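Quick notes on the structure that follows.
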Amino acid sequence: AEAKTLRWSSPTDITTLDPYAHTESFTTSMLHHVFDPLVRRGRNLELEPALAVSWKTVKPDTWRFELRRDVKFHNGNPFTADDVVASINRLLDPGARARGNIATVTGAQKVDDYTVDIVTKGPYPLLLNDLAGVYIMDKEWMEANDALKPGNIATGVTTAASTQANGTGPFKVESYKPDAGTVFVVNPNWWDKPRHNLDRIEFKPIKSDATRVAALLSGELDLIAPAPLQDLQRIGSSSGFKVIEEPSLRLIMLSLNFRPELKAMPGQKNPILDLKVRQAMWHAIDFEAIKKRVMRDKSRNTGTLVAPPVPGYSKDNDGPFGYDPEKAKKLLAEAGYPSGFKTKLNCPNDRYINDEQICVAIASMWTKVGIQTELQTESRATYFPRQDRGEFDVSMVGWATLPPMDGFSVLASLLTEQKEGYGGSNASTYSNPQIEELTRKAAVELDEEKRRAMLVEALKIARDTVAYIPIHQQPVAWAVRDGVEVPQFPDEYVRLWFATVK
Amino acid sequence: MNTLASAPRPVPRSLLSRIGAPISVIVAAALALAIVGCALMASWIAPYDPTDLASFELINAELPPSFTADGDARFLLGTDNQGRDLLSAMLYGARVSIAIGGGAVFVAATLGVVMGLLAGYFGGKVDAVIMRIADVILSFPTILLALLVSGIARALFPNAATAEWAPLILICAIAIHEWVQYARTVRAATMVETAKDYVRAAKVIGLPSWRIMLRHILPNVMSPVLVIATINLAAAVLTEATLSFLGVGMPPTYPSLGTLIRIGNEFVFSGIWWIALFPALTLVILVLAVNIVGDWLRDRFNPKLRVKR
Amino acid sequence: MSAAQPPVLAIDALRVEYPLANGAVFTAVENASIVIQPGEIHALVGESGAGKTTIGNAVMGLLEKPGRIAAGTIRIGGKPFDPLKGSAEGVVLGRDIGAVFQDPMTSLNPLFTVESQLTETMRTHLRLDREAARARALELLNAVGIPEPERRLKAYPHQLSGGQRQRVVIAAALSCDPKLVVADEPTTALDVSVQAQILALLRDLADRRGIGILLVTHNMGVVAQIADRVTIMHRGRVVESGPTAEVLRRPKAPYARALIGAVPRIDARLDRFPVLGEEGKGRAAEARAALRARAERMDLPAEGTPILAVENLCVDYVTGGWLPGSAGHRFRAVDNVSFTVRSGEVFGLVGESGCGKTTIANVVAGLVRPTSGRVLYAGTAVAGEGAARRTGPLRQAIQMIFQDPYSSLNGRLRIGSILAEPILFYRLAATRAQADEDVARLIEAVGLEADAAQRFPHAFSGGQRQRLSIARALGARPKLIVCDEPTSSLDVSVQAQILNLLKDLRDATGLTLLLISHDLAVVRQMCDRVAVMRRGTLVEEAASESLFAAPQHPYTKELISLVPTLDRIRGETQAA
Amino acid sequence: MFKVLLTRLGQAALVMLVVSAVSFVMFRYVGDPVASMSRENASAEEKAELRRALGLDQPVVVQYGRFLQRTLSGDLGISYRNQRPVTQLIAERLPATLELVLVATILSLSLGIPLGVLCALKPNGAAARVVQALSLIGISTPTFVTGIVLILVFAVSLGWLPSFGRGEVVDLGWWSTGFLTLSGLKALILPGITLALYQLTLIMRLVRAEMIDVLSSDYIRFARARGLPKRYIHFRLALRNALMPVITVTGLQIGSLIAFAIVTETVFQWPGMGLLFIQAVSFVDIPVMAAYLLFVGLLFVLINTVVDILYAVVDPRLRARSA
Ligand SMILES: Nc1ncnc2c1ncn2[C@@H]1O[C@H](COP(=O)(O)OP(=O)(O)OP(=O)(O)O)[C@@H](O)[C@H]1O
Ligand SMILES: Nc1ncnc2c1ncn2[C@@H]1O[C@H](COP(=O)(O)OP(=O)(O)OP(=O)(O)O)[C@@H](O)[C@H]1O
Ligand SMILES: [Mg+2]
Ligand SMILES: [Mg+2]
């Protein structure tokens with residue numbers, strides 16, 4: 001039969017072939033084609049066995065994994081417990097950029113050739129979520145290629161593993177040229193039964209949106225992911241192409257400054273500290289209009305801080321807050337700002353879908369209720385560092401709870417104070433004692449039911465206190481030529497081992 | 001006996017023909033003036049104030065021009081993706097673009113000409129220093145220089161409003177990069193002119209160097225400068241759009257012509273052609289007109305060509 | 001010279017106009033008729049600005065825009081000239097008409113070697129191959145008397161002296177054996193011996209090949225020596241025309257008479273140059289009187305003490321080697337020259353073309369750095385070893401009149417601003433208006449009309465430009481003027497006026513002149529002392545009178561013997 | 001000769017030193033790689049640690065000192081975005097860019113110069129006007145628009161040419177060329193045109209402007225008087241006199257195209273230096289930017305040295321001066 005090739009493109013490229021040298025989600029998703037983790041996400045993002053066939057907690061801080069037998073690496077080496085231990089050790093090396101991905105793991109011990117224990121700092125409910133992002137490398141290959149130590153894109157350490165990959169995954173890397181393209185060929189000895197029919201994947205990054213679309217339309221590509229929103233209509237209406245879309249896990253929200261002063265009004269009390277003001281800001285935004293006009297009906301408006309598939313989501317939290325400019329004005333007046341106040345709004349313009357447009361719309365809506373908004377947008381390169389330094393009054397945040405895919409990530413990063421490893425992205429200094437407590441309890445709760453309840457409760461408090469103003473769930477939109485079937489996932493990963501081409 | 005005979009031609013000559021400009025130049029000048037004039041008076045003639053955030057509705061976004069089948073009578077040229085009246089946005093945008101483009105070209109050309117004259121006239125160490133500074137500048141793309149300039153400006157004036165400072169920052173950022181082109185061109189021409197007898201004659205008179213450079217050499221090296229300047233006008237307007245996109249320029253609530261073109265470009269695929277087309281047309285017309293007038297001016301600079309037509 | 005052959009050139013009732021920027025029309029040539037038979041040399045003489053160059057340009061279809069032929073006909077070799085096409089049927093410029101432009105400096109393209117500029121013409125018209133063309137180019141350079149022709153072929157125009165360039169231009173004009181040569185003042189930059197050689201060459205071409213030559217010149221001696229016929233022009237009109245001997249001996253028109261009367265003599269020294277008409281009349285004379293009157297005696301070293309001393313001056317030029325810093329080839333243009341100019345005197349520098357006169361002038365003016373030796377002005381070193389930077393008064397003191405009147409005026413500035421420059425700069429006028437008045441006076445003093453201030457340099461004739469450069473140098477009120485061929489493009493009468501003016505200024509103010517000239521008659525009349533140069537070295541220096549009366553060096557003797565004079569009229573010497 | 005080159009080399013080193021120093025000041029304003037390099041839910045401590053690992057917690061002077069030290073020992077570092085040695089990245093990208101720039105420059109010179117001459121000969125002719133108007137429309141349209149329009153027409157509608165990438169390349173040792181395959185050549189056309197457009201217009205207009213002046217000079221009249229063929233006068237004699245600004249601008253353009261053909265390379269996903277650089281900027285890939293700017297500094301000193309030599313080649317009057 002003729003070789004089935006899938007040619008596809010995305011705006012970003014693979015950073016490195018060393019899975020422990022980086023923390024980039026796109027590269028992680030690409031390397032998943034080459035490596036397997038112990039547990040992986042299935043067709044519905046559920047955790048399922050991969051290189052481990054089963055697991056149990058032998059102690060609250062020790063998990064035992066039974067490994068799959070007869071698995072071979074691409075170079076023919078057999079897969080054993082030694083590989084897992086070597087991989088975990090490599091990832092735990094202080095020099096590993098991705099060490100934070102398993103921050104709670106303290107070590108791995110070989111029990112026998114096909115059994116491994118993984119030890120955590122204490123009870124840790126999200127170990128499997130974390131392990132889904134830990135790809136297993138080949139110990140012998142690493143020894144042979146002097147790659148036992150991890151690479152690190154930050155410190156500039158490279159090893160043979162940075163440009164060569166030897167995994168157990170469904171595809172092998174044939175060639176890897178930054179910005180020009182990476183070619184994968186099928187691994188005929190994959191342990192799993194392939195659900196794809198591909199022989200070859202040609203990945204070509206194309207940074208420019210318009211070019212990516214054009215290349216699809218001219219027949220040079222089979223799949224583009226993502227496809228720019230404003231072109232979906234045209235692609236959909238061209239014969240021979242179709243658009244596939246789904247809401248993504250990524251939630252777009254506005255972060256509010258909880259410091260004593262606003263940058264826009266130095267020397268005065270920060271009006272945003274008043275709950276009524278925050279509610280007014282929320283009521284003043286016409287999310288329906290944004291959805292219809294800016295997002296072309298592709299987004300899903302939301303009232304909470306996590307997407308439905310993510311643990312911690314609750315329908316009760318998600319109801320719309322309601323667009324009501326009159327009420328907003330009233331609330332402002334009640335709070336003592338009858339003629340509004342001044343604030344700055346900062347947004348990236350190349351990070352989220354139509355980010356700048358959304359912000360202009362919001363600035364305009366706020367101005368109408370009296371909140372004079374000075375908008376500044378900039379590139380992600382300068383935007384995020386400034387956001388991290390807390391330089392903004394109101395700013396746009398996107399959160400997808402990745403990689404763990406769990407509501408706990410919102411609590412731990414966005415809703416807690418910046419200390420003890422918490423509050424990593426909470427530069428706006430929101431703080432609520434109840435949430436602090438719930439977060440710390442949920443962190444060690446192994447009972448999934450209880451844990452979820454805590455998440456839901458914390459997120460309800462966040463909504464009630466208007467910690468953030470959630471806007472919507474971004475869509476994931478891809479475009480393919482007819483005959484290509486690729487399943488989409490809300491985490492925006494492209495998993496081509498589910499793809500078929502005709 | 002005296003043959004300096006003013007031929008009997010006392011036909012009254014109109015002002016225009018006295019200037020001696022052909023129709024095309026007059027039309028071009030009129031167009032350029034019209035665009036600049038409209039831009040300057042944007043706040044009076046624009047039907048809406050696109051910089052007033054409260055004045056537009058997202059619901060009106062992407063309405064086609066009023067003269068098309070499903071246009072809206074309120075918006076002559078349609079609306080942009082935020083529901084702003086495109087005509088008003090263009091008028092205000094042209095003001096920004098002309099100020100920044102014109103300003104940047106002016107600053108860059110002035111600086112470049114001065115540096116080029118110095119380097120070409122004095123040669124030796126002066127030349128080496130100026131040209132190596134130029135090489136340093138050339139090593140940085142405008143984008144980085146703009147980030148640097150705006151970063152420093154922001155550090156110095158943390159509370160300055162962006163919309164007011166942005167044009168200055170942009171002019172600086174673009175000019176800092178662009179002067180080199182003028183400098184090197186002028187330097188090359190100056191090296192040639194400096195060896196000519198008229199410059200030597202000026203030296204013998206004892207004129208100071210600056211005077212020789214400005215009065216004697218400058219008019220003789222201006223012609224490539226004018227060419228580059230008129231062309232760079234377009235480039236500067238477009239650079240402004242790029243820089244604004246990077247967040248060092250005008251805020252998105254105050255779009256320039258270039259920004260409108262950039263935004264509009266994203267929508268061309270989906271059949272929303274007017275957002276890009278009208279601003280682009282304005283820019284093309286402006287650049288074309290400026291170049292035509294520039295050409296003519298340049299020819300007027302050359303006395304040998306002056307009396308022709 | 002059979003009568004059956006049509007004349008090589010027949011101009012009939014020609015009128016040429018220059019529309020001016022202000023809408024007026026200037027008629028440069030009015031009703032001019034000239035006929036040149038094969039083998040005939042026809043001299044065109046007349047006042048500077050009379051329209052001589054214009055006629056030549058009209059014949060070649062190269063009138064400077066917006067000039068146009070307004071009336072009359074031109075026939076070349078019997079074929080009518082078509083003003084629309086700018087040429088006559090079947091007549092090819094370069095092949096059938098050879099042109100020597102008045103200005104040799106700007107006629108050559110600065111970026112191409114002499115060789116390429118010479119050979120391209122031949123390769124185009126004579127279809128010679130590279131080698132043959134080169135051989136012929138060498139031959140031509142020899143014929144026009146350029147020494148070391150091999151080396152000069154590789155030279156670029158700026159590496160040649162004025163006379164050398166002029167000879168290259170002549171060589172180019174003659175290279176394709178044209179039937180008509182329009183030679184516009186072809187020998188202005190040449191010393192008498194080279195000039196004699198060129199004239200002999202032209203005469204020979206006319207005699208042997210039947211070439212017709214339209215020879216524009218101011219040098220009456222030259223006319224007398226080689227022209228068959230002569231036409232005298234004044235203000236665009238032909239005032240007299242006829243066989244040389246007749247016109248020179250018995251000029252009828254008053255202007256012609258005056259012109260011939262004004263020819264400077266070499267045989268005796270007179271107090272003043274004879275001028276046309278009465279000297280003390282007219283605006284020009286008034287302006288000159290005003291200049292003299294204004295002049296005050298300068299505080300100078302007592303008359304007779306050295307003001308300028310050139311000591312052991314050597315100047316090398318480096319040629320070849322286009323890579324920066326590559327060694328190239330050294331050429332010594334001035335070799336150990338020393339002389340002293342005394343305050344208030346006119347010091348003449350004469351000699352072979354290309355012997356280094358302009359180079360010395362440039363060193364004195366501070367434009368060229370000497371390789372060794374030095375120049376002192378009133379005791380201070382101004383060039384070479386130990387020279388200080390020239391500052392205000394020192395700069396102002398030494399002015400120069402450039403050999404090349406075309407390129408020394410900035411083409412982008414109006415004459416008014418060019419002339420006002422030194423006046424304003426040295427604050428010689430209190431106000432702008434006064435400066436303008438001074439400028440007008442200067443322009444008039446050199447015999448032009450004050451409204452010239454409004455025009456650009458390209459709209460002037462060669463002689464007019466030369467006068468303007470003189471006016472500029474005078475404007476700075478210097479103490480020493482280095483005059484490099486100041487009057488080479490001037491007709492004898494204007495020349496006389498200018499030289500008289502310089503003399504008067506000297507008498508009135510103690511001005512010192514370093515005068516470089518090929519016109520030995522002028523040198524004799526003007527100079528107190530004279531130095532003779534050859535190949536970069538000074539061969540003789542003496543008081544003017546004794547030099548001309550009893551030259552010592554053989555080269556000096558040769559020079560003096562070769563000066564063409566009115567007495568040796570060609571027709572007559574032949575008849576005799 | 002040697003001395004001159006040595007001086008230039010010394011100056012180049014100085015230029016590179018200044019460039020690198022300015023870069024380090026600049027890096028504080030171009031953003032922070034930490035944000036692009038950390039996981040979404042990284043804790044503040046983790047980010048601080050990353051910042052430490054990158055050395056960004058140190059004062060700029062110290063960072064710069066370290067950079068200099070490493071650079072002098074020949075180590076230009078590893079890219080944050082592509083975990084590869086920077087030198088290797090630059091070496092890999094150079095061929096793609098050089099080939100593109102070569103095509104664009106040849107295109108712009110071979111069209112721009114003759115068109116410029118023609119426009120100068122008949123400044124008011126209809127053809128000249130049309131050419132000039134078209135070229136001006138060309139440059140006042142942003143490059144990204146031109147690029148996309150070309151792609152839409154020639155790749156999408158007509159399907160003649162590829163819309164992105166270099167096509168197949170042939171590796172000749174350390175050089176990979178697209179000149180030897182059909183697809184490689186095809187891939188050069190659209191980006192080549194896009195890149196050439198600005199340069200072409202500039203050159204055309206410069207040539208025109210200079211030619212108009214040169215054509216009115218005496219030596220051109222004298223050349224006419226010698227009856228030389230028109231073509232020879234216009235294209236050899238006069239053109240050479242008009243060439244100085246063209247050489248200057250072409251030199252500058254070649255330099256900046258090699259370095260920063262950002263938009264074109266992005267639109268066509270051309271794996272060259274411009275793309276490398278813009279991605280380094282948006283990722284705040286400091287090692288790449290630093291090494292890259294050094295390289296560009298050297299490049300410009302080299303190009304401008306060549307241009308200075310060319311001046312002397314074209315104009316003999318400048319030779320004595322440089323002696
Ligand atoms: N820039 C230069 N490079 C090389 N050689 C030069 C240069 N300028 C002049 N020369 C040579 O130096 C010599 C002297 O030149 P200079 O111009 O001083 O002569 P001159 O006496 O003024 O002659 P003329 O009477 O013909 O004007 C000539 O042989 C000329 O070829
Ligand atoms: N381009 C021009 N525009 C206007 N007037 C001009 C132009 N060229 C020449 N003239 C004028 O035409 C007249 C004749 O000039 P032409 O050059 O023919 O004089 P000439 O007889 O050659 O004088 P000379 O002996 O000084 O060279 C002069 O008065 C001059 O000012
Ligand atoms: Mg003349
Ligand atoms: Mg001379």
Side-chain angles (χ1 to χ4, degrees), chain B residues 22 24 123 128 131-136 138-145 147-148 150-152 154-155 180-181 184-185 187-189 191-192 195 223-224 226-228 230-231 233-235 237-238 241-242 258 261-262 265 268 276 280 283-284 286-288 291-292 295 298-299 302 304-305 309, chain D residues 7 11 14-15 18-19 22-23 25-26 28-31 123-124 129 132-133 136-137 139-145 148 198 201-202 205-206 208-210 212-213 216 244-245 247-249 251-252 255-256 259-260 262-263 277-278 281 289 293 296-297 299-301 304 307 311 315 317-318 321:
Chain B
S24 59
M131 284 303 118
R132 296 299 82 78
I133 291 177
D135 286 343
V136 169
L138 282 173
S139 308
F140 297 96
T142 324
I143 301 177
L144 282 193
L145 286 175
L147 283 169
L148 180 67
S150 82
I152 290 174
R154 217 173 357 228
V180 175
Q181 205 175 8
R184 288 201 59 95
T185 318
R187 164 181 176 261
M191 293 192 312
V192 175
S223 130
L226 277 175
V227 172
I228 296 176
T230 47
I231 284 194
L233 182 68
V237 167
L238 297 175
T242 316
I261 297 175
R262 179 177 59 73
N265 182 49
V268 174
L283 180 60
V284 168
L286 181 66
V287 169
L288 211 63
N291 273 276
I292 291 174
D295 279 357
R298 229 207 30 259
D299 292 353
N302 184 341
K304 286 199 193 171
L305 303 176
R309 290 146 212 148
Chain D
T7 341
Q11 291 178 357
L14 214 65
V15 165
V18 177
V19 166
V22 175
S23 333
V25 175
M26 181 174 288
R28 291 174 51 206
Y29 301 109
V30 295
N124 299 317
R129 294 232 158 131
Q132 295 205 50
L136 284 174
I137 292 174
I139 58 147
S140 41
T141 319
T143 312
F144 52 84
V145 176
I148 279 299
Y198 181 78
T201 311
L202 194 52
R205 297 183 65 78
L206 279 175
R208 172 185 172 277
E210 289 291 298
I212 287 181
D213 288 351
S216 67
M244 290 294 271
I247 293 175
T248 314
V249 165
L252 290 178
S256 24
F260 314 115
I262 292 171
V263 180
F277 184 71
I278 188 65
V281 171
M289 282 197 281
L293 293 175
V296 177
L299 180 79
F300 269 107
V301 177
N304 286 336
V307 166
Y311 288 159
D315 194 330
R317 286 169 295 184
L318 300 179
R321 175 191 173 93

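Every heavy atom of this structure was used, including side-chain atoms; hydrogens, water molecules and symmetry mates were not. Protein chains get the first letters and strands the later ones, always in sequence-line order, with residue 1 at the start of each. Predicted model, so just to flag it, every value in this text is computed and none were measured.
Of the two parts of B:I152, the backbone and the side chain both hold a non-hydrogen atom closer than 4.5 Å to a non-hydrogen atom of chain D. Looking at D:V30, both its backbone and its side chain come within 4.5 Å of chain B, counting heavy atoms on both sides. Neither the backbone nor the side chain of D:A259 comes within contact range of chain B, judged by heavy atoms closer than 4.5 Å. For chain D, the nearby part of B:R187 is the side chain; its heavy atoms alone come within less than 4.5 Å. When heavy atoms are compared at a cutoff of 4.5 Å, D:D315 approaches chain B solely by way of its side chain, counted from C-beta outward. D:I247 does not touch chain B: none of its heavy atoms, backbone or side chain, sits under 4.5 Å away. Within the 4.5 angstrom heavy-atom criterion, atoms from both the backbone and the side chain of B:I228 approach chain D. Neither the backbone nor the side chain of B:A189 comes within contact range of chain D; no heavy atom of the residue lies under 4.5 Å from a heavy atom of that chain. With a 4.5 angstrom heavy-atom cutoff, B:S24 touches chain D only via side-chain atoms. Interface remark: D:V19 contributes backbone and side-chain atoms alike to the contact with chain B (heavy atom separation under 4.5 Å). Neither the backbone nor the side chain of B:A241 comes within contact range of chain D; no heavy atoms are under 4.5 Å apart. Only the side chain of B:L238 comes within contact range of chain D, with heavy atoms under 4.5 Å apart. D:T201 touches chain B through backbone and side chain together, each having a heavy atom under 4.5 Å away. When heavy atoms are compared at a cutoff of 4.5 Å, D:L252 approaches chain B solely by way of its side chain, counted from C-beta outward. With a threshold of 4.5 angstrom between heavy atoms, D:V307 approaches chain B through side-chain atoms but not through N, CA, C or O. For D:L14, no part lies under 4.5 angstrom from a heavy atom of chain B.
The shortest side-chain heavy-atom distance between D:R205 and D:L136 falls under the 4.5 Å cut-off. In this structure, the side chains of D:M26 and B:L147 stay at 4.5 Å or more apart for every pair of heavy atoms. Proximity of B:L144 to D:L293: side-chain heavy atoms (C-beta onward) are separated by under 4.5 Å at one or more points. Using a 4.5 Å heavy-atom cutoff, the side chains of D:N304 and B:M131 are not in contact.
Taking chain B as the reference chain and counting heavy-atom pairs below 4.5 Å, the highest number among D:A209, D:P245, D:A133 is found for D:A209. The greatest number of non-hydrogen atom pairs below 4.5 Å with chain B, out of D:M244, D:R208, D:Q132, is found for D:R208. When each of B:T230, B:L286, B:T185, B:V136 is scored by its heavy-atom pairs under 4.5 Å with chain D, the top score falls to B:V136.
Between the B:N291 side chain and the B:V287 main chain, a donor and an acceptor come within less than 3.5 Å of each other.
Distance CD1/D:I148 to CG/B:N265: 7.0 Å, rounded to 0.5 Å. The OG1 atom of D:T248 sits 3.0 Å away from atom OH of D:Y311, with the distance rounded to the nearest 0.5 Å.
Residues passing the ring pair (Phe, Tyr, Trp, His ring centres under 6.0 Å) test with D:F277, sequence neighbours excluded: D:F260, D:Y292.
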**Report entry** Verdict with reasoning, D:I278 to B:I143, per side chain to side chain contact (heavy atoms under 4.5 Å, CB included)
**Finding:** CA-CA 9 Å; D:I278 188 65; B:I143 301 177; 4.0 Å; yes
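Contact detail for D:F300 and D:S256: the closest heavy-atom pair is CZ-N, 3.4 Å.
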